[in-house]
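Below: the structure, in structure tokens.
Quick note on labels: first sequence line is chain A, next is B, and so on, each numbered from 1. All values derive from a computational prediction rather than experimental measurement.
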Amino acid sequence: MANERPRYVPAEIEEKWQQRWEQEGVFVSVRRPGRPKLYVLDMFPYPSGAGLHVGHPEGYTATDIVARYKRMRGFDVLHPMGWDAFGLPAEQYAITHGVHPAVTTATNIATFKRQLKRLGFSYDWSRELSTTDENYVRWTQWIFLKLFERGLAYQSETPVNWCPALGTVLANEEVIDGRSERGNHPVIRMPLRQWTLRITAYAERLLSDLEGLDWPETKKKQEDWIGRSEGATVFFPLADRAGHLEIFTTRPDTLLGATYMVLAPEHPLVDEITTEAQQAKVLAYRAEVASRSDMARTALSKTKTGVFTGAYAKNPISGERIPIWIADFVLASYGTGAIMSVPAHDQRDFEFARQFGLPIVEVVSPDGELHDASTWSKAFDGDGINVRSGFLNGKRTPEAKSAMIAYLEEQNLGTRRVNYKLRDWVFSRQRYWGEPIPIYFPVELHPGSSDPRTDAHTIRFDQPIAVHEDELPLRLPDLQDYKPSDDPSGPLARALDWRYFQRDGRWFARETNTMPQWAGSCWYYLRFLDPTNHQQIFSPQAYDDWMPVDLYVGGSEHAVLHLLYARFWHKVLFDMGLVKHKEPFTKLVHQGLILGELEFSTFRGEDGSLVSFEQVDLTDEDAPRLKGSGLPLRREKLTESMIQKVDKKFVLAERPDIVVDARSFKMSKSRGNVVNPDKIIEQYGADALRVYEMFMGPLEAVKPWQTNGVVGVFRFLDRVWNICTQATSTAPALPEDAQRLLHKTIQKVTEDIEGMRFNTAISAMMILVNRLGEIPRIPVDAAEKFALILSPFAPHLAEELWSRLGHRELLAWEPWPEYDPSLVVDDVVELAVQVNGKVRSRVTLKKTATEAEARAAIADDPALRPFTEGKTEKKFLYIPGRIINLVVG
RNA sequence: GCCGAAGUGGCGGAAUGGCAGACGCAGCGGAUUCAAAAUCCGCCGCCCUCUCGGGCGUGUCGGUUCGACUCCGACCUUCGGCACCA
């Protein structure tokens, strides 16, 4: 059809508007007096070599909609973007390809930036930053120095997973059964000098300040992570010798039920107290434990292990002698690394007692009667009434706890105490691509030595010296070889000329560990306030202009670590008077993961026989096995035509006894189900991608991708184009129902954006467009209103329509349309008429109709007759504007 | 094991005490076309019925209510987090 009317071709309009926005600096954040402000922040990405995937634009589109909407509402909006660019992948790539991480990082950032720009996000790019920028590193290091000055950064000897073959320290997750996940090399537990941040000093504030934050279930996760518990410290004197054991317990009320004690194998007192007879066993046990990782120690071991030290302690109340054991279920890093064991009232202690035949004595009874705990099948760890407990007898658990603590304090045998699961934060990495820690140490040359780069020397790690602020940033040396080596001090140790330097005739050595990737992301939201400031980390004015962050959107994988670390730094800066709010992020939202397209698959044994899904053990995702026998199976992809649904299960069409696995997988290169946003944009345009990402479902939900769904959204935008480009000023006014629908849609979209329910906002706009499509000619005014409410979602299309409707100014400057309140409420509505709660008819009634009018309206309804005939009315329910329900019997 | 979230058509989802399945995808039928694409129109939970219509239906079982996807109790399943923290 040779129609002159131009078609909707996104490729022809999107770049044009992106350029116009940039030229006119529409999205450069400026504070204007008298305006409200909004700081909308995305979790900035790690610019990986793979480029953007469709998961990135999900959260970014959501914040962009909010940012654009709020600008139209008269807010001054800060909406920045940057790069979390330090980290392992760039370094790994450098090792295998011989390209400097700075080079790959720059390339990746360029790719990400190009891809983000194609999506038309309204970022203020003039504030762009990368954590790798010298100007940023400088202030990251500056904060480290402040931590150091305050005693919040200290060195410690922490056992780490050291893999000599890989020449690196591994995270706990990277160690499986004492071997490296990559390469299956042996991993040893080795104490290594580490920089550690004293986050535990802030445990209480990190916990209590969560209150009042508009955060989702993440708050709970952080609470659990911090793990506050109340109890008491108790001193148990050693029997037969001087000294005592200090333990922490949350159940001081059970003190008299303690029948033995357990120390962590690493506990410093173990050497002292172990008797000669037990020496060999204890040593052997400790060696065995040392070779196991934390994971193996905790998760995998079901049966308890342990060894008797030969020593005894005395119950501080009863004076009874009780044996002291060591066992690996007691963690050296929690509490005091020692416990009193009350097997009757703690499941772990119970299992251990059973394992080694230790006595189990009831001191808390569920009913106040005496029971024989040695016959129990599990511990009683609930609240009850104390028995066999002297002065505690008859007291209920909460009361008994405080009575015991009072007694302990009075007798100097112990004190009330609060304990946290939260540990101090191991802050050093034996890696190249990170911020150098701005610390150096004096070097002692050995006799005959003159140059530590070649001669024997000792580095005095016990005398750390802060790099002077004026010398920041401390840059990374330009290494050619980033490989970790068998030297756990890391690759920087090989940059001898960087590491060693002379000052006033003395030699010094720099710290060669670097900071973890978390460092840069801990405070980037603050640098966005004032990213080019060379004198200060940010100016107080910039802070007052924009802080706090009003909306922070990112993945829930950062629910604990990043968000806890950032809060910790923020609180330190608060104590320094640099920031004025206790908390940085007022409202937090996690976008849900986007999975790959739904896949069907079946399983075959080695002999090729089909296996029904119920018989498949998927404990290891990538290695399916037959339940029971453990025989390996092969996963085989199916096409939809081979599947049938029977009773809520998918089965093979040809073999209905074979149940098929139907699920969406996380997108991954190896699975080959990654969707590239560039491809989608080429085919359907950025606006369709944006709208589809928001239309998929609730922002927070995990959702599978369906490329077909993009088609539906594209059709919608195409219809919008057709309707709005045909709008004329001479068209008759909209029919009343359409006019009402338009205003209801404005209301719905407004409220849904405020509540971040973008999927329902879009469906409301689709409903409106479907109605408008039935009307031959649309007035310009209606088209304009529609373009305005669509603009946060599909900004390019909206701008194009806006200009075609005769506007020269950018739509981004326009105010958000108001709806007419008189048009959004209907005075006449269709009501459902129920008989005994089932809908049998409908009736059109005024909202203000009285009960009598309602009765009259349905009196002669033939549709109701079959259900009311011969029955008596028991009740007549009429809720104006909602429902009529006739109860008969 | 503990904590949290969620279970609704073939698929994504909507409705949070008042007409279940809006909106979209897929599918089926039609119009247009030489043909196709695109577009437009109609149908589209399951079962019974020629039709009119009726019955059933929101993971399962029970409860509250005139009325329950929605509230309460128990259970099942899936996803996420934590995992010997004394």
For residues 331-345 of chain A, run the donor-acceptor check on the side chains, cut-off 3.5 Å, and write out each pair with its distance to 0.1 Å, sequence neighbours left out.
residue  : atom : partner  : partner atom : Å
A:Ser333 : OG   : A:Arg423 : NH1          : 2.7
A:Tyr334 : OH   : A:Ser229 : OG           : 3.0
A:Thr336 : OG1  : A:Glu246 : O            : 2.6
A:Thr336 : OG1  : A:Ala338 : O            : 3.4
A:Ser341 : OG   : A:Asp349 : OD1          : 3.4
A:His345 : ND1  : A:Phe380 : O            : 2.9
A:His345 : NE2  : A:Val363 : N            : 3.0
A:His345 : NE2  : A:Val364 : N            : 3.0

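- Comparing the C1' positions of B:U16 and B:A6 gives an interatomic distance of 15 Å, to the nearest angstrom.
- In this structure, of B:C66, B:A26, B:A22, it is B:A26 that holds the atom nearest to the side chain of A:Asn708.
- The pair A:Glu599-A:Arg663 does not meet the salt-bridge criterion, since no charged nitrogen lies less than 4.0 angstrom from a carboxylate oxygen.
- A salt bridge links A:Lys220 and A:Asp224; the closest N-O separation between the charged side-chain nitrogens and carboxylate oxygens is under 4.0 Å.
- Here B:U65 presents its P atom at 14 Å from NZ of A:Lys874, a figure rounded to the nearest Å.
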Pairs under 3.5 angstrom, nitrogen or oxygen only, protein versus nucleotides 52-63 of chain B, please.
residue : atom : partner  : partner atom : Å
B:G55   : OP1  : A:Arg840 : NH2          : 3.4
B:G55   : OP2  : A:Arg840 : NH1          : 3.2
B:C56   : OP2  : A:Lys838 : NZ           : 3.4

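- The salt bridge (charged side-chain N to carboxylate O under 4.0 Å, His left out) check on A:Asp661 picks up A:Arg635, with sequence neighbours excluded.
- For A:Arg771 and B:A22, the shortest distance from a side-chain N or O to OP1 or OP2 is not below 4.0 Å.
- Going from the P atom of B:G29 to that of B:G81 covers 45 Å, rounded to whole Å.
- We find that CG of A:Leu331 is positioned 9 Å from C1' of B:A86, with the value rounded to whole Å.
- Using a 4.0 Å heavy-atom cutoff across all strands shown, A:Ile767 reaches sugar-phosphate atoms only and no base atom.
- Defined by atom type and a distance below 3.5 Å, a donor-acceptor pair is present between the side-chain atoms of A:Tyr285 and A:Thr305.
- Pairing for B:G73 is with B:C61, a Watson-Crick or G-U wobble pair whose two hydrogen-bonding atom distances lie under 3.5 Å.
- To the nearest angstrom, P of B:A86 lies 16 Å from CE of A:Met261.
- Along RNA chain B, the nucleotide nearest A:Gln834 and the nucleotide nearest A:Asp718 are compared for position; the residue whose nucleotide lies closer to the 5' end is A:Gln834.
- The distance between atom NZ of A:Lys401 and atom C1' of B:A86, rounded to the nearest whole Å, is 12 Å.
- Not one N or O on the side chain of A:Tyr692 forms a donor-acceptor pair closer than 3.5 Å with the backbone of A:Phe714.
- Which of B:G18, B:C84, B:A86 sits closest to the side chain of A:Lys304 comes down to B:C84.
- Here B:A86 is the nucleotide among B:A86, B:C23, B:A20 with the atom lying nearest to any side-chain atom of A:Asp346.
- Within the structure, salt bridge (Lys or Arg N to Asp or Glu O under 4.0 Å) pairs that include any residue of residues 694-714 of chain A comprise A:Glu58-A:Lys703 (at least two apart or interchain).
- Of the candidate nucleotides B:C23, B:G81, B:C66, B:C66 has the atom lying nearest to any side-chain atom of A:Asn885.
- OP1 and OP2 of B:U78 both lie 4.0 Å or more from every side-chain N or O belonging to A:Arg663.
- Here the side chain of A:Ile883 is nearest to one of B:A86, B:G18, B:C23, namely B:G18.
- Heavy atoms of A:Gln347 sit nowhere under 4.0 angstrom from any nucleic acid atom.
- In this model, the phosphate group of B:C25 is approached by a side-chain N or O of A:Arg715 to a distance below 4.0 Å at OP1 or OP2.
- When atom types are taken as modelled, the side chain of A:Glu597 and the backbone of A:Thr707 share a donor-acceptor pair closer than 3.5 angstrom.
- Taking atom C1' in both B:A15 and B:G67, one finds a spacing of 16 Å when rounded to whole Å.
- When only modelled atom types and interatomic distance are considered, A:Glu614 and A:Ser612 share a side-chain donor-acceptor pair under 3.5 Å.
- With a cut-off of 3.5 Å on both pairing distances, B:A14 has no Watson-Crick or G-U wobble partner at all.
- Glycosidic conformation of B:G9: syn, with the torsion inside 90° of 0.
- Pairing of B:G27, defined by two Watson-Crick or G-U wobble distances under 3.5 Å, is identified with B:C43.
- Using a 4.0 Å heavy-atom criterion, one finds that A:Arg423 contacts the bases of the nucleic acid, with or without backbone contacts as well.
- For the P atoms, the distance linking B:G18 with B:C11 amounts to 26 Å, nearest Å.
- No side-chain N or O of A:Thr303 forms a donor-acceptor pair with one of A:Gln355 less than 3.5 Å apart.
- Base pairing annotation: B:U51 forms no Watson-Crick or G-U wobble pair, as no partner gives both donor-acceptor distances under 3.5 Å.
- Taking atom C1' on both nucleotides, B:U64 is separated from B:C72 by 7 Å, rounded to a whole Å.
- Between the A:Asp328 side chain and the A:Ala264 main chain, no donor and acceptor come within less than 3.5 Å of each other.
- At a threshold of 4.0 angstrom between heavy atoms, the contacts of A:Ser229 are confined to the sugar-phosphate backbone, with no base atom among them.
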Measure all distances between protein nitrogen or oxygen atoms and nitrogen or oxygen atoms of nucleotides 11-17 of chain B, and list the pairs falling under 3.5 Å.
residue : atom : partner  : partner atom : Å
B:C11   : OP1  : A:Lys645 : NZ           : 3.0
B:C11   : O2'  : A:Gln706 : OE1          : 3.1
B:G12   : O4'  : A:Gln706 : NE2          : 3.3
B:G12   : O2'  : A:Met696 : O            : 2.7
B:A14   : OP1  : A:Asn759 : ND2          : 2.9

Can you check nucleotides 41-43 of chain B for protein contacts, nitrogen or oxygen pairs under 3.5 Å, and list what you find?
none

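- Between A:Glu693 and A:Arg690 there is no salt bridge, since none of the side-chain N atoms of the basic residue sits less than 4.0 Å from a carboxylate O of the acidic one.
- Using cut-offs of 30° and 60° for the angle between ring planes, the A:Phe356 and A:Phe352 rings count as tilted.
- Taking atom C1' in both B:G21 and B:A26, one finds a spacing of 16 Å when rounded to whole Å.
- Salt bridge annotation for A:Arg771-A:Asp737: present, with a cationic side-chain nitrogen under 4.0 angstrom from a carboxylate oxygen.
- Residue whose closest nucleotide on RNA chain B sits further toward the 5' end, between A:Phe600 and A:Gly335: A:Phe600.
- Listed nucleotides B:A86, B:A22, B:C82 differ in distance to A:Tyr334; the shortest reach to its side chain belongs to B:A86.
- In this structure, the CD1 atom of A:Ile762 is 14 Å from the P atom of B:C25, given to the nearest Å.
- Residue-level contact check: A:Lys220 touches the backbone only, with heavy atoms under 4.0 Å from sugar-phosphate atoms and none from bases.
- Checked for salt-bridge contact, A:Arg228 and A:Glu204 meet the test: a charged N lies under 4.0 Å from a carboxylate O.
- Across the P atoms, B:C44 and B:A20 are found 16 Å apart, a figure rounded to whole Å.
- For B:C28 and B:G13, the P atoms lie 24 Å apart once the distance is rounded to whole Å.
- Pairing for B:A5 goes to B:U78, judged as Watson-Crick or G-U wobble with the two contacts each under 3.5 Å.
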